[in-house]
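Reviewing the structure listed below.
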Amino acid sequence: VYKGLRTDKEKEKVVMETPEKQMADEELIAFGRKKVKVTHFNKVFWPKEGITKGELIKYYQSMADRIVPFLKDKPISMKRQPGGVDDPGFFQKDNTAHLPDWVKTAKVHSESNDKDINYIVGTDAATLIYMVNLGCIEINPWLSSYKKPENPEYVVIDIDPHDVPFSQAVEAALKTKEIFDRMKLDVFIKTSGSKGLHIYCYLGAKYDYDFVKMFAEYVANLVHEELPKTTSIERSPAKRPNKVYIDFLQNRRGQTIACPYSVRPKPGATVSAPLHWHEVNDDLKLSDYTIYNIKDRAEKTDDPWNDLHKTKADLKKGLEWLKKHAEV
DNA sequence: GTGGTAA
DNA sequence: TTACCACAACGCTCA
DNA sequence: TGAGCG
Ligand SMILES: [Mn+2]
Ligand SMILES: [Mn+2]
């Protein structure tokens, strides 16, 4: 256990605690000059599975290289569950209390109550682990950076099956892919880690939320038109029982989606897993991708999202291709 | 989970 | 020192 | 204006 660089106050604390407890339950993890104090290592976060907070932190440490690119410069909406997966937890966006000086924040104006919110901004592994230590089991970045908060870097189609066979979600995802193919735009898919699927198209902050949301709504409508029996674009859950909800409303300022390789507070410690499109078939099971095996998968298979940032989609050109397709 | 304050 | 408490969202739509 | 949604 690393014991260097403690403040005097911490030293006092160490003396008061039993060596065993101190050794096991608290650690200082160094990322260069940034030292993250990680607490309650042995606290059980998944009671049924017996997974501890320490294991969660180790997971995020091991996957930080894959995750951080999706957090860089993004305001983070923290959902904190310090009591583990059964803790309803709370959201935190504003950070007014003292933070380590190396934790980067950015003030972003909130329209609803006309105040500036001091968001933590994704930066590096140290910042990620700092948030996990606060009780963030899942990581939810904005789609836009604090530098250009009105311009999302992706358009996202969120596939939410509601009490239907998962094969219907697969069908809706493949239909969405088909529509993007007609537009000659590249799209990438991942499991949500919870119930559904997330489809991303890279834009590079070319358009504002208003346009991107309208575009996503248009795509959602096409999916629904072509799969009217199984899908719905109704916002109210009561009006879409037993349907796959094609959710385009995530494409709004301040909305978030669990990032790639984010853990979810669900049974089995599932994670949001980037997939190859050929894996999107009736054999796909979200429960197959967990905190236990995703690292191995990421190391042994080609990164399904390797080319995500290769090209910025031209949505207007895409819509023209769609028009041509419809005329034929 | 943490920081502040009362006991 | 310890115990306890307060506190930590937003944007948007529809009724 | 408030409840509901994610
Ligand atoms: Mn979803
Ligand atoms: Mn959704």
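Order of the sequence lines fixes the chain letters, A, B, ..., with proteins taken first and strands second; residue numbering starts at 1 for each chain. Hydrogens, waters and symmetry mates are skipped; everything else that's a heavy atom, side chains included, is used.
Rounding to whole angstrom units, CD of residue Gln81(A) and C1' of dC7(C) are separated by 17 Å. Remark: P of dG6(D) and CG of Asp160(A) are 7 Å apart, rounded to the nearest angstrom. For the pair Asp87(A) CG and dC7(C) P, the interatomic distance rounds to 18 Å; values are reported in whole Å. Atoms NZ (Lys195(A)) and P (dG6(D)) sit 10 Å apart, rounded to a whole Å. Counting to the nearest Å, the P atom of dG6(D) and the CD atom of Glu234(A) are 12 Å from each other.
Looking at Asn118(A) and Lys93(A), their side chains never bring a donor and an acceptor atom within 3.5 Å of each other. A donor and an acceptor atom, one from each side chain of Ser110(A) and Asp116(A), are nowhere located under 3.5 Å apart. No side-chain donor from either of Ser272(A) and Tyr261(A) sits under 3.5 Å from a side-chain acceptor of the other. Between Tyr245(A) and His224(A), the side chains place no donor N or O within less than 3.5 Å of an acceptor N or O (distance only, hydrogens not considered). Side chains of Lys190(A) and His198(A): a donor on one and an acceptor on the other come within 3.5 Å.
Between dG4(D) and dA9(C), the two C1' atoms lie 15 Å apart (nearest whole Å). The gap from the C1' atom of dG3(B) to that of dA8(C) amounts to 12 Å, rounded to the nearest Å. For the P atom pair drawn from dG11(C) and dT2(B), the interatomic distance equals 28 Å after rounding to whole Å.
Remark: Lys317(A) pairs with Asp314(A), Trp321(A) by the side-chain contact (heavy atoms from CB on, under 4.5 Å) rule, at least two apart or across chains.
Residue Lys72(A) qualifies as enclosed at atom NZ: its count of foreign heavy atoms under 6.0 Å is above 12.
Nucleic acid contact for Ser236(A): none, since no nucleic acid atom lies under 4.0 Å from a heavy atom of the residue. Using a 4.0 Å heavy-atom criterion, one finds that His40(A) contacts the sugar-phosphate atoms exclusively.
Contact between the side-chain N/O atoms of Asn133(A) and the OP1/OP2 oxygens of dT2(B) is found at a separation under 4.0 Å. The side chain of Lys37(A) contributes no N or O atom lying less than 4.0 Å from OP1 or OP2 of dT2(B).
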remark   = Going 5' to 3' through nucleotides 8-15 of chain C and flagging B where a protein heavy-atom sits under 4.0 Å of the base, S where only the sugar-phosphate is that close, and - otherwise, we get BBBBSS-S
